[in-house]
Amino acid sequence: MGGWAIAVHGGAGVDPNLPAERQEEAKRVLSRCLLLGIAALRGGSAAVDVVEKVVRELETDPVFNSGRGSALTRQGTVEMEASIMDGRGRRCGAVSGLSTIKNPVSLARLVMEKSPHSYLAFDGAEDFAREQGVEVMDNSYFITEENVGMLKLAKEANSILFDYRIPVTGVETCSASAGSMVDNALQMNGLPISIYAPETVGCVVVDGNGWCAAATSTGGLMNKMMGRIGDSPLIGSGTYACDFCAVSCTGEGEAIIRSTLARDVAAVMEYKGLGLQEAVDYVIKNRLDEGQAGLIAVSRNGEVAHGFNTTGMFRACATEDGFMDVGIWE
C-alpha cells in the first residue's frame, strides 16, 4: 500500500470569466476542507469517516451547490441529494428530495448503516431522518439571496442550468446578454457554459489501511423540475467505491448517469488492468459521448487522480508522501 490519499471537488464546468475573487474564495473553501480531511487521516480515521466529515463541511458552506446554498427548483425550494459508499463490502447509502436535512451526506450514511435499504427519497427519507434524530432546518436556511436572484435569471432565460455564482448585482447585464451567449462554443446540455455551473461537491479517500470510500452531495440544477434526480445519489454513476478505488463525479448529470461513469473507472481498472490515472482518462475520453463532466479518484495503492473535459473543475488533493494541489483549470 502507498499510504493515504484524499481528493475533494466542488464541481466541473466553470465559467472561463469567473471573477478572480470568486476563484480564490472557492480555493479557500477547498483548501480548508482538504486540510480537515488530512488531519483526520493523520489521526487514523477510516476512509468512510473522512469522506463524511469533509462533505459535511462542504454542505455547511454556501460557496458550493450542496446543503446550504443549494440550487433552487422552479418553485424556489431545495431538493437536495447525496450518497456515500464504503469500499469495504461495497456498502452504500443514498438520499434524494431532501428539503430540511442540514447534512444530506450524514443521512445517506444512516441509510447505509441503520436501514435495510440503500436509497430513500422525499417524504420517506425525511421521515427516516426524524426517526434517527438528525439535525433539521427550515427550508429557508438553505436558500441564499444570491440563489434567489439566479433562479429569477434562469426563469427569464427559460433555462434550468444557470450559473448562480454570478453576483446578483449583475442580473440585468446577465439577463440582457443571455440570448447572445447561446452561440458560445463552450456548451453543456446544449446551453452556454458561461451560464452553467453544477458545482456538486464530493470527496474520495483511501486510508492508511488501504480502504477506499467516496461521498457526493448536491442541490442539483438551478430551476430544475420538482422531483428531478441527478447522478450524485446514484451508486455507480456519481459515486462508487470498491477494493480498487473510490470515485466521485460532477458535471452533466444526465450524461454521467448514461455512462455509469464512476463504476466504469473501477471496471476498466479491474478488467483492462489500467492504472488509476489511465482509467480516469479512458472513461472521460470514451464514455461520455457528447456529455461534459469531471471526476476525482483515489486507488487502494495511495494514488490520486482527476480528469475532466470541461473548461475547469474545482478540486484539491493530497497524498501521504507530501503532495498537495488545489486548482480549477487544466
Identify each donor-acceptor pair in which a side-chain atom of residues 45-52 lies under 3.5 Å from a protein atom, sequence neighbours left out, and give them as a table.
from: Ser45; atom 1: OG; to: Ala40; atom 2: O; distance (Å): 3.2
from: Asp49; atom 1: OD1; to: Arg109; atom 2: NH1; distance (Å): 2.7
from: Asp49; atom 1: OD1; to: Arg109; atom 2: NH2; distance (Å): 2.9
from: Glu52; atom 1: OE1; to: Arg109; atom 2: NH1; distance (Å): 2.8
from: Glu52; atom 1: OE2; to: Ser106; atom 2: OG; distance (Å): 2.7

Where do [X] and [Y] come nearest, in terms of heavy atoms and distance?
| X | Y | value |
| --- | --- | --- |
| Ala71 | Leu221 | CB-C, 3.7 Å |
| Cys245 | Leu276 | CB-CD1, 4.2 Å |
| Val304 | Ile6 | CG2-O, 4.0 Å |
| Thr311 | Trp329 | O-CE3, 3.1 Å |
| Pro233 | Tyr119 | CG-OH, 3.3 Å |
| Thr73 | Met226 | OG1-SD, 3.4 Å |

Would you check if [X] and [Y] make a side-chain contact, meaning some heavy-atom pair closer than 4.5 Å?
| X | Y | value |
| --- | --- | --- |
| Ser248 | His9 | yes |
| Arg68 | Ile143 | no |
| Leu30 | Arg315 | no |
| Val29 | Leu58 | yes |
| Phe308 | Glu330 | yes |
| Gln277 | Glu303 | no |
| Glu57 | Arg32 | yes |
| Val201 | Val55 | yes |

Tell me whether [X] shares a hydrophobic cluster with [Y], the cluster being built from Ile, Leu, Val, Met, Phe, Trp, Tyr side chains joined at under 4.5 Å.
| X | Y | value |
| --- | --- | --- |
| Val14 | Leu295 | no |
| Val136 | Val111 | yes |
| Leu234 | Met80 | no |
| Val298 | Met269 | no |
| Leu98 | Phe122 | no |

Salt bridge flag under 4.0 Å for residues [X] and [Y]:
| X | Y | answer |
| --- | --- | --- |
| Glu81 | Lys224 | no |
| Glu135 | Arg56 | no |
| Glu126 | Arg130 | yes |

How long is the span from the [atom1] atom in [X] to the [atom2] atom in [Y], to the nearest 0.5 Å?
| X | Y | atom1 | atom2 | result |
| --- | --- | --- | --- | --- |
| Glu59 | Cys33 | CD | SG | 10.5 Å |
| Asn309 | Leu288 | CG | CG | 5.5 Å |
| Thr218 | Ile229 | OG1 | CD1 | 12.5 Å |
| Ser259 | Asp264 | OG | CG | 7.0 Å |
| Leu151 | Glu146 | CG | CD | 12.5 Å |
| Asn223 | Gln75 | CG | CD | 9.0 Å |

Worksheet item: Checking side-chain contact (heavy atoms from CB on, under 4.5 Å) for the pair Ile328/Lys27: CA distance, chi angles, key distance, verdict?
Response: CA-CA 8 Å; Ile328 300 176; Lys27 287 181 178 180; 3.9 Å; yes
Hey, is the main chain of [Y] close enough, under 3.5 Å, to the side chain of [X] for a donor-acceptor pair?
| X | Y | answer |
| --- | --- | --- |
| Asn139 | Ser99 | yes |
| Asn147 | Gly69 | yes |
| Ser83 | Ser232 | yes |
| Asp289 | Gly291 | no |
| Thr239 | Ile235 | no |
| Asp281 | Val283 | no |
| Asp86 | Arg88 | yes |
| Glu278 | Gly275 | yes |
| Glu320 | Trp4 | yes |
| Thr100 | Asp138 | no |

Item to complete: Would you check, one step at a time, whether the test side-chain contact (heavy atoms from CB on, under 4.5 Å) holds for Trp211 with Asp243?
Response: CA-CA 7 Å; Trp211 294 113; Asp243 290 343; 4.1 Å; yes
Fill in: Arg287 to Tyr282, cation-pi by 6.0 Å centre distance and 45° axis angle
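Checked: cation-pi criterion not met.
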Item to complete: From the options Leu34, Leu36, Leu41, select the one residue that forms a side chain to side chain contact (heavy atoms under 4.5 Å, CB included) with Ile38.
Response: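 Only one of Leu34, Leu36, Leu41 forms a side chain to side chain contact (heavy atoms under 4.5 Å, CB included) with Ile38, namely Leu34.
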Fill in: Worked check of side-chain contact (heavy atoms from CB on, under 4.5 Å) between Phe128 and His117
CA-CA 11 Å; Phe128 177 71; His117 307 301; over 6 Å; no
Discussion item. So for atom CG, which belongs to Asp123, do other residues, nucleotides or ligands contribute more than 12 heavy atoms lying within a distance under 6.0 Å?
Written reply: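 No, not enclosed.
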Fill in: Full working for side-chain contact (heavy atoms from CB on, under 4.5 Å) between Thr250 and Met313
CA-CA 9 Å; Thr250 176; Met313 181 171 71; 3.9 Å; yes
Practice prompt. Please identify each residue that fulfils side chain to side chain donor-acceptor pair (under 3.5 Å) with Glu79, with sequence neighbours left out.
Written response: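 By the side chain to side chain donor-acceptor pair (under 3.5 Å) rule, Glu79 matches no residue at all.
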